[in-house]
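No hydrogens, no waters, no symmetry mates; every other heavy atom, side chains included, goes into these values.
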Amino acid sequence: MIRGMKRIMLLATLLAVGALSLGVAAFQQPAAPPAPRVVEVEKLRDNLWMLKGGGGNTAVFVRTDGITVVDTKNPGWGQPILDQIKKISDKPITTIINTHTHGDHVSGNVEFPATVDVIVQENTQKYMEQSNAVYGLQSTPPENIFTKNGGRGLPRRTFKDTWTIGSGKEAIDLRYFGPAHTGGDAFVIFRDYRVMHVGDTMPTRDFPIMDKNNGGTGIGYAATIAKAAKVKNVDTIINGHNATTTTPADLKLYSKFLADFVKFVQNAKKAGKTVDDVVTTWKTPAKYAGYAEPTTDAQRTARANRIKADAQVIWDETK
Ligand SMILES: [Zn+2]
């Protein structure tokens, strides 16, 4: 009898707690519960990691005097990055480098300690303050996450063409080769490891965004990344979104792919065709083996929209 009572009381308590937590969850998250934010960690070298998921690929470099992080993913993904870093090293995070202004590469900045030094190419500092709509992706400017956080996470130091952080085996070379994906794309070279983070200048083996709202270009894109592909003493590339690393040869081929596309668009314009004609007639040449081809309707639509946006940028730049 008493046992039965206890059981009932326990059940009642559990129900009450369950209802309470359900109530709280329903209050905070009117829609479905959020998917867990899983950051996948891949060790590239002794002190260099690539963190995947939640936006652009993040690089973590553990140096003697602290940790440098390259790119910080989408809003809400700063803490999951910090949680993974804690498992890697207990050194302080001293530096963030953002490869460019896009929200899926910079938003986590606001979740890092306010003491962290944020470094970007000087044009990117301007774009981060402006928070412009990404061309071909957003029709209205996104809310400025830095303003919303009292300016936290905004860059305080910038470079123009070239800058080196640290020295010797721990040197990080920062380079700018001109506009491509945006007007402030930084190439981050971990010198001793021969590894270069190229951000979204080559996001994957597929069409990039040519974000003219943030200084990006269509016609100049290929030439800019061809310069990056020639950086000496690099054998491994971290891409903005590719799940695996690539090589300078891949970057060079990507530059040729984009140059071919520019030619295709310009020929169409010369022949009196339209941007829509470009979308329906473009076929990725067979020499670009392994390049993404859409397989679902959603992918086909996304790909057509991307080609259309890129073709329009090139079209408008072609006099
Ligand atoms: Zn981007």
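For the pair A259 and A222, the tightest heavy-atom approach, listed with the atom from each and the gap, is N-CB, 3.8 Å. Nearest heavy-atom pair across Y193 and N47 is OH-N, 3.0 Å. Heavy-atom minimum distance, G55 versus N74: CA-ND2, 3.6 Å. Between P179 and G215, the shortest heavy-atom contact is CB-O, 3.4 Å. Between R175 and I189, the shortest heavy-atom distance links the atoms CG-CD1, 3.7 Å. The nearest pair of heavy atoms linking P75 to G103 is CD-O, 4.2 Å.
Side-chain contact check for T236 versus V234: every heavy-atom pair is 4.5 Å or farther apart. Counting heavy atoms from C-beta on, the side chains of P142 and V134 never come closer than 4.5 Å. At least one side-chain heavy atom of Y254 sits under 4.5 Å from a side-chain heavy atom of P203. The side-chain heavy atoms of E293 and T284, taken from C-beta on, include a pair separated by under 4.5 Å. Inter-residue side-chain proximity for K86 and D90 is flagged as unmet; no heavy-atom pair is nearer than 4.5 Å. For the pair M202/I237, no side-chain contact is recorded, criterion being any heavy-atom separation below 4.5 Å from C-beta on. Side-chain contact between R191 and T164: present, with at least one pair of heavy atoms (C-beta onward) separated by less than 4.5 Å. Counting heavy atoms from C-beta on, the side chains of N123 and Y176 come closer than 4.5 Å.
I219 and W282 fall within a single hydrophobic cluster, where Ile, Leu, Val, Met, Phe, Trp and Tyr side chains are chained together by heavy-atom contacts under 4.5 Å. Criterion: ILVMFWY side-chain heavy atoms under 4.5 Å apart, direct or through other members. Under it, V39 and M50 are not part of a common hydrophobic cluster. Note on F61: it clusters hydrophobically with V70, by side-chain heavy-atom contacts below 4.5 Å among ILVMFWY residues. I96 is connected to I88 through a chain of hydrophobic side-chain contacts under 4.5 Å among Ile, Leu, Val, Met, Phe, Trp and Tyr, so both are in one cluster. Grouping the Ile, Leu, Val, Met, Phe, Trp and Tyr side chains by contacts below 4.5 angstrom, directly or via other members, places I119 with I172.
A perpendicular orientation is assigned to the rings of H100 and H102, their planes being inclined by more than 60° (bins at 30° and 60°). Aromatic ring pairs are classed by plane angle as parallel below 30°, tilted from 30° to 60° and perpendicular above 60°; the pair Y291 and F257 is tilted.
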Intermediate values then yes/no, side-chain contact (heavy atoms from CB on, under 4.5 Å), I209 and Y135: CA-CA 8 Å; I209 289 171; Y135 181 78; 5.7 Å; no
Verdict with reasoning, V120 to I97, per side-chain contact (heavy atoms from CB on, under 4.5 Å): CA-CA 6 Å; V120 298; I97 299 162; over 6 Å; no
D185 vs T99, side-chain contact (heavy atoms from CB on, under 4.5 Å): CA-CA, chis, key distance, verdict: CA-CA 6 Å; D185 301 320; T99 57; over 6 Å; no
Pair F159-E122, side-chain contact (heavy atoms from CB on, under 4.5 Å): steps then yes or no: CA-CA 6 Å; F159 75 100; E122 62 180 19; over 6 Å; no
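Judged purely by distance below 3.5 Å, without hydrogens or angles, the side chains of T217 and E317 pair a donor atom with an acceptor atom. Under the 3.5 Å distance criterion, with hydrogens and angles disregarded, a donor-acceptor pair is assigned to the side chains of T68 and R63. Between the side chains of E143 and S131, not a single donor N or O lies within less than 3.5 Å of an accepting N or O. Checking D211 against H181 by side-chain atom types alone, no donor-acceptor pair falls below 3.5 Å. Side-chain N/O atoms of T318 and Q266 include a donor and acceptor closer than 3.5 Å. Residues T72 and N109 have side chains that bring a donor and an acceptor to within less than 3.5 angstrom of each other. Side-chain contact of H197 with N239: a donor-acceptor pair under 3.5 Å is absent, judged by distance alone. Inspection of the D200 and H105 side chains reveals an N or O donor paired with an N or O acceptor under 3.5 Å. N213 and N132 are not linked by any side-chain donor-acceptor pair at a separation below 3.5 angstrom, with hydrogens and angles left out of the test.
Put simply, the side chain of E170 never gets that close to the backbone of G166: no donor and acceptor are under 3.5 Å apart. Checking side-chain atoms of N242 against main-chain N and O of T244 turns up a donor-acceptor pair under 3.5 Å. A donor-acceptor pair is defined here as one N or O able to donate and one able to accept, closer than 3.5 Å; no such pair exists between the side chain of D316 and the backbone of V313. A donor-acceptor contact shorter than 3.5 Å is absent between the side chain of D277 and the backbone of K273. Put simply, the side chain of Y221 gets close to the backbone of T201: a donor and an acceptor are under 3.5 Å apart. Within the 3.5 Å criterion, the main-chain N or O of T247 finds a donor-acceptor partner in the side chain of D250. A donor-acceptor pair under 3.5 Å is absent between the side-chain atoms of S89 and the main chain of I85, judged by distance alone. Checking side-chain atoms of Q299 against main-chain N and O of P294 turns up no donor-acceptor pair under 3.5 Å. Side-chain atoms of R156 come within 3.5 Å of backbone atoms of V116 as a donor-acceptor pair (strictly under, hydrogens ignored).
With respect to the salt-bridge test (charged N to carboxylate O, under 4.0 angstrom), the residues R306 and D206 do not qualify. A salt bridge is defined here as a Lys NZ or Arg NE, NH1 or NH2 lying under 4.0 Å from an Asp or Glu carboxylate O, and K287 with D260 meets this definition. Look at R157 and D117 and you find a salt bridge, because one of the NZ, NE, NH1 or NH2 atoms lies within 4.0 Å of a carboxylate O, short of that distance. We find that K73 and D104 are not joined by a salt bridge, their nearest charged nitrogen and carboxylate oxygen being 4.0 Å or further apart. By the 4.0 Å N-to-carboxylate-O rule, D192 lies too far from R45 to be salt-bridged with it.
Rounded to the nearest 0.5 angstrom, T162 OG1 and K160 NZ are separated by 12.0 Å. In this structure, OG1 in T246 is found 6.0 Å from CZ in R205, a value given to the nearest 0.5 Å. Distance NE2/H241 to CG/N57: 7.5 Å, rounded to 0.5 Å. We find the CZ-CD1 distance between F112 and I81 to be 5.0 Å, quoted to the nearest 0.5 Å. Distance check, rounded to the nearest 0.5 Å: OG1 of T224 to CZ of F187 gives 7.5 Å. Between atom NZ of residue K230 and atom NZ of residue K252 there is a gap of 8.0 Å, rounded to the nearest 0.5 Å.
Under a cut-off of 6.0 angstrom, the local environment of NZ in K256 is sparse, with at most 12 non-hydrogen atoms contributed by other residues, nucleotides or ligands.
Aromatic ring centres of F207 and F261: separated by under 6.0 Å.
Partner I238 forms a side chain to side chain contact (heavy atoms under 4.5 Å, CB included) with one of L44, V188, V198, D71 and no other, that one being L44.
Both the sub-6.0 Å distance and the 45° axial angle are not jointly satisfied by K227 relative to the ring of F177.
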